[in-house]
Each structure stands twice: as C-alpha cells, then as structure tokens.
Protein chains: 2
Amino acid sequence: MTTAKRDTYTPETLLSVAVRVFNERGYDGTSMEHLSKAAGISKSSIYHHVAGKEELLRRAVSRALDGLFGILDEPGASRGRAVEQVEYVTRRTVEVLMAELPYVTLLLRVRGNTKAERWALERRREFDQRVADLMKAAAADGDLRADVDIRMATRLLFGMINSLVEWYRPQAAGGGGTDGEQLAETVVRLAFDGLRTSR
Amino acid sequence: MTTAKRDTYTPETLLSVAVRVFNERGYDGTSMEHLSKAAGISKSSIYHHVAGKEELLRRAVSRALDGLFGILDEPGASRGRAVEQVEYVTRRTVEVLMAELPYVTLLLRVRGNTKAERWALERRREFDQRVADLMKAAAADGDLRADVDIRMATRLLFGMINSLVEWYRPQAAGGGGTDGEQLAETVVRLAFDGLRTSR
C-alpha cells in the first residue's frame, strides 16, 4: 500500500499539498511531520522527491514568480504608450494572481527568515520595481496625474491587487464566487479611471 | 522594585505593550507569559489590571473600532451627496488607520478563533457594510461608474486602504517615512478620480 501511494505522488501533487499546508500553518510553523501527515505519505517518501521543506518553498514561490515575470515578456507589456503597458500589466497581474492563487498567496506571506524566503522577497521586489519603472515612464509621458506621488500610487495599486488573496474565491460552476474577468477589469478601471462619473 | 514597577503601569501602557506583542506573535501565539516578559511585570500584576489576554484583545480592537465608527458620526459623513460622504469616510478611514496603526493592524489580523475575536470581526464587517451602503447610494445617484460592480469596488477600496498596515510607517521628525496627509489624499484621488490624466 505504501509503495502504491508513493507511486501516485509526483513532485507536482506534493507541491500543491505543501503550499496548502504552508498557507494554513505558515511556513515557519510547518514541519516535515505536518507535510507527511497532510500528504498521507512517509517523510522518507517526501525526501525521495525533494531535499526538504525549503526546496518545496522555493519551487512553490518560483511558480508564482514565473507567472508574474512572464507577464513582462508578453507583447502587451512593451507595446504602445507606457500607461497602456501599465494597465496591461495590472490586468494580467490580477489574472495570474487568480490563476495561481495559493502560490501567489504564499509568495505574499513570505517573511524572510530563511535563505529561500529572502530570495523570494528579493525577486518580488524586483517585479514591483519593474512595474514602478513603468509607472514612472507613464508619469513622465504626462499620462498620469501630476498631483499624485507615483511611488505612493504604485504601492497603493499593489496593495489593492494583493488584497485579492484575502478575499477572492474562484467562481464555482453553479455560480457563487467572483467573476475573475470582471474583477481584473474592475481593478484597472478603479485604479486608472477612478470610480466617479464626474465631479 | 516590583511594587514601584507595578505602580508605573496603567491599563493604557499595558495595552500598548500587549498590542505590540499580539502583532508580533499573533494573538493565538501569545501567552500571558509572553505579555509578562514584554511588560517587565509579573503575571499577577497583569491580572491586577485585566482578567486575561482576551480582555486586552477586546480593549485593543475597541480602540480601533471606536475610531472607525466615530468617523460615521462626523458631519462630513452625512452632509452633501453620497459620493462626497464616501470620499470623506475614505479619507478619514486612512487617517484613523495611520493614527491608531497598531490597533487597526491587530483588528485586521483577527482570525475569529475566540469569542472576542468573533465579536471584533462582526463589528468590522458592520463598519464595512456601512461604507458599502454609502457606495450603493452614490451609485444610485449616478455619481459612480455604472460599468463597475459596486460590491467588488468596495472590497478593492478596503483592500487598498487596509494594505497600509503592511507598509505605512509614520514620517519621522527628521524626514523619512510617509507623509500621512498626502497619503490620505492619494487614496481618495486614486480611488475616485483614477491615475490617468486623460484617455
């Protein structure tokens, strides 16, 4: 039975179990014992797949980071005016966050106590910085309001986007949950056009 | 010495130490032993002031909630068009969050495992609902965009505001930190007018 169970486990399925446990208990609060229980396989079976929990963290946040950095290589992120690029990246960031929800949730909760965590934080800052640079370029083009501090606005924009991990739940087939497409559009409209019709 | 130390402690100073420890360790992860060590007074001295850690939590989140609900009683929250009331409440919410940063941080991190936590969550939802009602009234007046789901927009607005507890640091006397007044104004401008100058 143990052998059969081990055989059904792939690095992929182990990763998704690990991410769920990390998000529930916190990375610091998760032991190999917790992972073993949640996966229903022995610790030695886990070590058959990965070197330890740090490798699982690195793989999990890599998946989130690959999704985010991938956006910057898409044509929409470099085509047209800077403000259009920023809107594109904003919409796609919301989409990646929804598609990779547990992985991005983990990335956003990383604290920096271990080497893998510090690496994740640094890569995340790098992504934020790339978006901040686009925002600055859009401001330099005169396409963003001059009466708003761009660094502050960038932080607020990320604050709004990242808050999704706290409350967004995918729409179930039978209704309920949130319409993802509408959500991405609402973030872009709110941030760039504002909620008011007129003043 | 113990007597002298106990005498310098007031419920106020004990509360501020408790809030700091709750925010650092999480409410669940904080024992009376931790509080005793952080305050530098014995557990029995703490029990001289409060019945236990649940009372400290209740007092701490009450301070945040009193600040937030107080906004709704201010003239600006009921004067003029609904959209102006919403903008007023948004600006003041940011200001209260900055003024009572550790208390609001604790309120936003409450999980609902104990009676005091569930009470705090319920009161917080009540505040959110009051603001959501104002948003709906503003939409009914035709002052908010019709192509945006108001419930979603309200969640995003709170997501943006609440993200401040993660990165806002008060401006020090010698510079550094964030300009609070400008921050409140930036949140209102971003959410209601948007970042774009034109399209």
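Letters A, B, ... are given to chains in the order of the sequence lines, protein chains preceding strands, and every chain is numbered from 1.
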ask   = Can you say whether B:I150 sits under 4.5 Å from chain A via the side chain, the backbone, both, or neither, judging by heavy atoms?
value = neither
request  = Name the member of B:V148, B:L157, B:L183 that forms the most heavy-atom pairs with chain A at distances under 4.5 Å.
outcome  = B:L183
message = Shorter than 4.5 Å, heavy atoms on both sides: which option in A:G194, A:A138, A:A139, A:G159 has the most such pairs with chain B?
response = A:G194
inquiry  = Walk me through whether A:R196 and B:R145 qualify under side chain to side chain contact (heavy atoms under 4.5 Å, CB included).
reply    = CA-CA 6 Å; A:R196 267 203 188 238; B:R145 305 165 58 97; over 6 Å; no
query = When you look at CZ of A:R111, are more than 12 heavy atoms from neighbouring residues, nucleotides or ligands closer to it than 6.0 Å?
reply = no
ask   = Atom CD of B:E87 and atom CG of A:L195: how far apart are they, to the nearest 0.5 Å?
value = 9.5 Å
task = Using a cut-off of under 4.5 Å on heavy-atom pairs, state which of B:D149, B:V86, B:L144 scores highest against chain A.
result = B:L144
ask   = Between OG1 of B:T186 and CZ of A:R151, what distance do you get to the nearest 0.5 Å?
value = 11.5 Å
Proximal component of B:V187, with respect to chain A [non-hydrogen, under 4.5 Å] = both
task = Drop me the distance from B:T178's OG1 to A:M152's CE, to the nearest 0.5 angstrom.
result = 5.5 Å
inquiry  = If you count heavy atoms of other groups shown closer than 6.0 angstrom to CD of B:E54, is the number above 12?
reply    = yes
inquiry  = For B:E24, I'd like to know if atom CD has over 12 heavy atoms of other residues, nucleotides or ligands within 6.0 Å.
reply    = yes
message = Please report the interatomic distance CG(A:L156) to CG(B:L164), rounded to the nearest 0.5 Å.
response = 6.0 Å
query = How many angstroms lie between CE in B:M160 and CG in A:L190, if you round to the nearest 0.5 Å?
reply = 6.0 Å
note = Between the CG atom in A:N162 and the OG atom in B:S163, the distance rounded to the nearest 0.5 Å is 8.0 Å
request  = Using a cut-off of 6.0 Å, state whether more than 12 heavy atoms not belonging to B:R130 lie near its atom CZ.
outcome  = no
